[in-house]
Student: 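My questions will all concern the structure given below.
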Amino acid sequence: MKKKDNYVNQELFDISIEDFDALDGVHEFSDKYKNNKEKLLKEYHKSVYKHPVKKYKKAAVAAAVLLIVSAPVITNAATGGEFFNRIWGSEGKAGYSEPYSEYVHDDEKGTSYKITYPKSEYEDIAPGKAEELIGSNISYNPVDVKIGGTKLSVMSFVHDGNAAVAEFTLEKKGGVDALDYNKSYNRSKGADFSGKADFYFNFDEYGGKIFVDIDKSSKDKLYCYYYMTCQYQDNTDSVNLNIEKYPCTRDELYAADDVKYKEYMEQSEKNVISVPVKSKANKTVFSSKKNGTAEVSPLSIKIDMKKGLGLSKEEAYDPYNAYYVSINYKNGKKYIVHEHEMDGIHQCNTEIDNASYACGDTDDNLTFVFNRLVDTGNIKSVTVNETEYTLKQ
């Protein structure tokens, strides 16, 4: 089966562990992809093996990582919907809608690659309806952490057991230098931790893409939305925010020889901060004639790619094989979550990516995090490729 050359994201030479196998990062398992993944995983396992500390320590008060107690805030719905429509709507998304192409230079080979980003469509929602769908599932208990000279504030968190969305800010006097970001990053892999950063953080069991709200942000303060997928998250009271604070910059850390690298890691501080969360957003299960399932919540859809679509395990693990995903409403309208051409199988005039993040897992499932809030009570059916899923009785 021939796949479109211009659909492959050729940023493999500049990609993180979290980006591998993600639909908005890499779209097919080319030889270059496999080679780069193998090299990256070797470096990753090498760093893990060298790591002298196997578990994070709970943070109380440390010199480099300081937890700041904050009072709960009033729901952002009172702002007339800006909160919901910045995270799940069109606010701050100007210039992202139409397909866009750019050239990326491969320094190693001295060549350039053309990357074409598909069309993205955004849909605002009335604050009252947003509150009805997920208002009771959003935690508005800010967690403020001082990491060296940077303040990290997790402002809100919502999840459904398959996916999550977190709102956070980064502040630093003189300019935030912890992330590399721009509009192209927002369209593709999301913001990266920069070489100038002297720390790293992530949420336990979650991996995803950071969107920086450039319109709202300033040099000294970044407003960010973290769209994530999850496979094994069970705790409904809190999630762990893992923080690594290094005695050097990330550039210095990864450029160090083995001896110096070990020394840096031994001097690093590792902390776990508990971020409060509320109950999971409800999911509705749709099934196909072959007993495949699609779990849909207002936040995401999780599709059984193997049983539902009849794919092999290798095919099910490759997100490229989901070439058309649509939420079909009772009033006849459709929310096309994702669509791309598949030579000899599926053609479309315009390729569309209306997912904030997507990732497959080892259990043959593919999860799309929506770029809007979905009213599950008004869904008639779900279409994945040529397979229709209806409400499970």
Side-chain angles (χ1 to χ4, degrees), residues 1 3 7 20-29 118 159-164 205 207-208 227-234 280-330 333-348 351-372 374-393:
M1 182 185 301
K3 299 178 181 178
Y7 195 82
F20 276 109
D21 307 336
L23 193 62
D24 57 356
V26 176
H27 303 281
E28 65 174 291
F29 291 161
H159 69 142
D160 63 10
N162 295 330
E205 310 297 351
Y227 304 97
M228 299 170 278
T229 59
C230 173
Q231 190 173 5
Y232 302 113
Q233 209 281 326
D234 292 323
K280 300 175 185 178
N282 290 329
K283 298 185 289 291
T284 302
V285 179
F286 295 81
S287 60
S288 69
K289 291 182 179 179
K290 295 183 179 180
N291 295 319
T293 59
E295 295 181 355
V296 186
S297 82
L299 303 174
S300 72
I301 179 171
K302 183 176 182 178
I303 306 160
D304 174 1
M305 295 282 284
K306 186 177 179 181
K307 189 175 182 180
L309 303 182
L311 300 175
S312 68
K313 192 168 186 66
E314 183 178 6
E315 290 171 333
Y317 190 65
D318 188 345
Y320 188 84
N321 289 310
Y323 53 81
Y324 181 82
V325 180
S326 173
I327 304 294
N328 310 311
Y329 292 108
K330 294 175 182 178
K333 292 184 178 181
K334 293 180 181 293
Y335 164 31
I336 298 177
V337 184
H338 182 84
E339 182 176 20
H340 68 260
E341 289 194 355
M342 206 76 160
D343 286 353
I345 296 178
H346 183 74
Q347 301 296 317
C348 57
E351 294 186 337
I352 297 172
D353 189 3
N354 287 329
S356 295
Y357 182 67
C359 190
D361 64 34
T362 56
D363 292 331
D364 310 318
N365 299 305
L366 174 62
T367 300
F368 289 91
V369 186
F370 298 143
N371 72 348
R372 65 194 69 181
V374 168
D375 184 354
T376 56
N378 284 323
I379 297 176
K380 178 182 179 182
S381 64
V382 173
T383 304
V384 182
N385 295 350
E386 310 301 325
T387 301
E388 185 176 20
Y389 297 74
T390 55
L391 190 62
K392 190 172 182 178
Q393 301 300 324

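Computed from a predicted model, the values in this text were never measured in an experiment.
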Student: Report yes if some heavy atom in the side chain of Ile327 is under 4.5 Å from a heavy atom in the side chain of Val337; otherwise report no.
Tutor: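 Side chain of Ile327 against side chain of Val337, heavy atoms only: contact under 4.5 Å found.
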Student: Ignoring hydrogens, what is the shortest heavy-atom contact between Val296 and Ile379? Give both atom names and the distance.
Tutor: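 Nearest heavy atoms, Val296 then Ile379: CG1-CD1, 3.8 Å.
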Student: For a quick test of reading the model, state the closest non-hydrogen atom pair linking Ser288 to Thr387 and the distance between them.
Tutor: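 For Ser288 and Thr387, the tightest heavy-atom pair comes out as CB-CG2, 3.6 Å.
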Student: Is it the case that the side chain of Asn385 and the backbone of Tyr323 share a donor-acceptor pair, with hydrogens and angles ignored and the cut-off at 3.5 Å?
Tutor: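 Yes, because the side chain of Asn385 sits within donor-acceptor range (under 3.5 Å) of the backbone of Tyr323.
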Student: Between Tyr320 and His340, does the ring centre distance come in under 6.0 Å?
Tutor: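 Under 6.0 Å, so yes.
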Student: Okay, side chain of Asp160, backbone of Ala163: is any donor-acceptor separation there less than 3.5 Å?
Tutor: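 Here the side-chain-to-backbone pair exists.
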Student: Is it the case that over 12 heavy atoms from other parts of the model lie below 6.0 angstrom from the CG atom of Asp361?
Tutor: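 Atom CG in Asp361 is packed in, count exceeds 12.
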Student: Quick one: NZ on Lys306 to CG on Leu311, what's the gap to the nearest 0.5 Å?
Tutor: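 Lys306 NZ to Leu311 CG: 10.0 Å, rounded to 0.5 Å.
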Student: Between Tyr227 and Phe370 (judged by ring centroids, cut-off 6.0 Å), do the two rings come close enough to count as a pair?
Tutor: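 For Tyr227 and Phe370, the ring centres are not under 6.0 Å apart.
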Student: Dump the intermediate steps for side chain to side chain contact (heavy atoms under 4.5 Å, CB included) on Thr284 and Leu391, then the final yes or no.
Tutor: CA-CA 8 Å; Thr284 302; Leu391 190 62; 3.3 Å; yes
Student: Is the shortest heavy-atom distance from the side chain of Val325 to the side chain of Ile303 under 4.5 Å?
Tutor: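 The answer is yes, as the side chains (C-beta and beyond) meet within the 4.5 Å cut-off.
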Student: I would like to know whether Asn321 and Met342 meet side chain to side chain contact (heavy atoms under 4.5 Å, CB included); could you show each step before the answer?
Tutor: CA-CA 8 Å; Asn321 289 310; Met342 206 76 160; 3.4 Å; yes
Student: Heavy-atom count around Lys333 NZ within 6.0 Å, excluding the residue itself: above 12?
Tutor: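 No, because the 6.0 Å sphere around NZ of Lys333 holds 12 heavy atoms or fewer from other groups.
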Student: Check whether any side-chain N or O of Asn378 sits under 3.5 Å from a backbone N or O of Tyr329 as a donor-acceptor pair, and report yes or no.
Tutor: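 No; judged by distance alone, with no hydrogens or angles, the pair does not exist.
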Student: Please answer whether the main-chain N or O of Lys334 pairs with a side-chain N or O of Asn328 as donor and acceptor at a distance below 3.5 Å.
Tutor: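 Not confirmed, Asn328 side chain does not pair with Lys334 backbone.
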Student: Do Glu351 side-chain atoms and Glu341 backbone N/O form a donor-acceptor pair below 3.5 Å?
Tutor: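 Yes; judged by distance alone, with no hydrogens or angles, the pair exists.
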Student: Supply the atom-to-atom distance Cys348 SG to Glu339 CD, rounded to the nearest 0.5 angstrom.
Tutor: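 The distance works out to 4.0 Å.
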Student: Compare all side-chain heavy atoms of Ile301 with those of Phe286 and state whether any distance is below 4.5 angstrom.
Tutor: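 A side-chain contact is absent here, since even the closest heavy-atom pair is not under 4.5 Å.
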Student: Measuring from atom CE of Met228 to atom OG1 of Thr367, what distance do you get when rounded to the nearest 0.5 angstrom?
Tutor: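 These two atoms lie 13.0 Å from each other.
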Student: Taking atom CG of Leu366 and atom NE2 of His338, what is their separation to the nearest 0.5 Å?
Tutor: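 Answer rounded to 0.5 Å: 9.0 Å.
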Student: To the nearest 0.5 Å, what is the distance between CD (Glu388) and OG (Ser287)?
Tutor: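 These two atoms lie 10.5 Å from each other.
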Student: Is there a side chain to side chain contact (heavy atoms under 4.5 Å, CB included) between Tyr389 and Thr383? Walk through the geometry before answering.
Tutor: CA-CA 6 Å; Tyr389 297 74; Thr383 304; over 6 Å; no
Student: Heavy atoms only: give me the nearest Phe368-Ala322 pair and the separation to one decimal.
Tutor: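 Shortest heavy-atom contact: CZ-CB, 4.4 Å.
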Student: Under a 3.5 Å distance rule, please check whether Lys283 uses its side chain to pair with a backbone N or O of Ser300 as donor and acceptor.
Tutor: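 Flag not set: sc Lys283 to bb Ser300 has no pair under 3.5 Å.
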Student: Please tell me if the side chains of Lys307 and Asn291 come closer than 4.5 Å, counting only heavy atoms from C-beta onward.
Tutor: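 Result yes, sub-4.5 Å side-chain heavy-atom pair found.
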Student: Keeping the roles fixed (side chain from Asp353, backbone from Ala355), state whether a donor-acceptor pair exists under 3.5 Å.
Tutor: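 The answer is yes, because a donor-acceptor pair under 3.5 Å joins these two groups.
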Student: Might you point out which heavy atoms bring Ser297 and Val374 nearest each other, and give the distance in Å?
Tutor: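 Residues Ser297 and Val374, closest heavy atoms: O-CB, 4.2 Å.
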Student: What do the steps show when you test Tyr324 against Val384 for side chain to side chain contact (heavy atoms under 4.5 Å, CB included), and what is the final call?
Tutor: CA-CA 6 Å; Tyr324 181 82; Val384 182; over 6 Å; no
Student: About how many Å separate OG1 of Thr229 and CG of Leu299, when rounded to the nearest 0.5 Å?
Tutor: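 With rounding to 0.5 Å, CG (Leu299) is 12.5 Å from OG1 (Thr229).
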Student: Determine yes or no for a side-chain-to-main-chain donor-acceptor pair under 3.5 angstrom, with Asn365 supplying the side chain and Lys302 the backbone.
Tutor: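 Side chain of Asn365 to backbone of Lys302: no pair is present.
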Student: Any side-chain heavy-atom pair from Ser326 and Val382 closer than 4.5 angstrom?
Tutor: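 Ser326 vs Val382: side chains apart.
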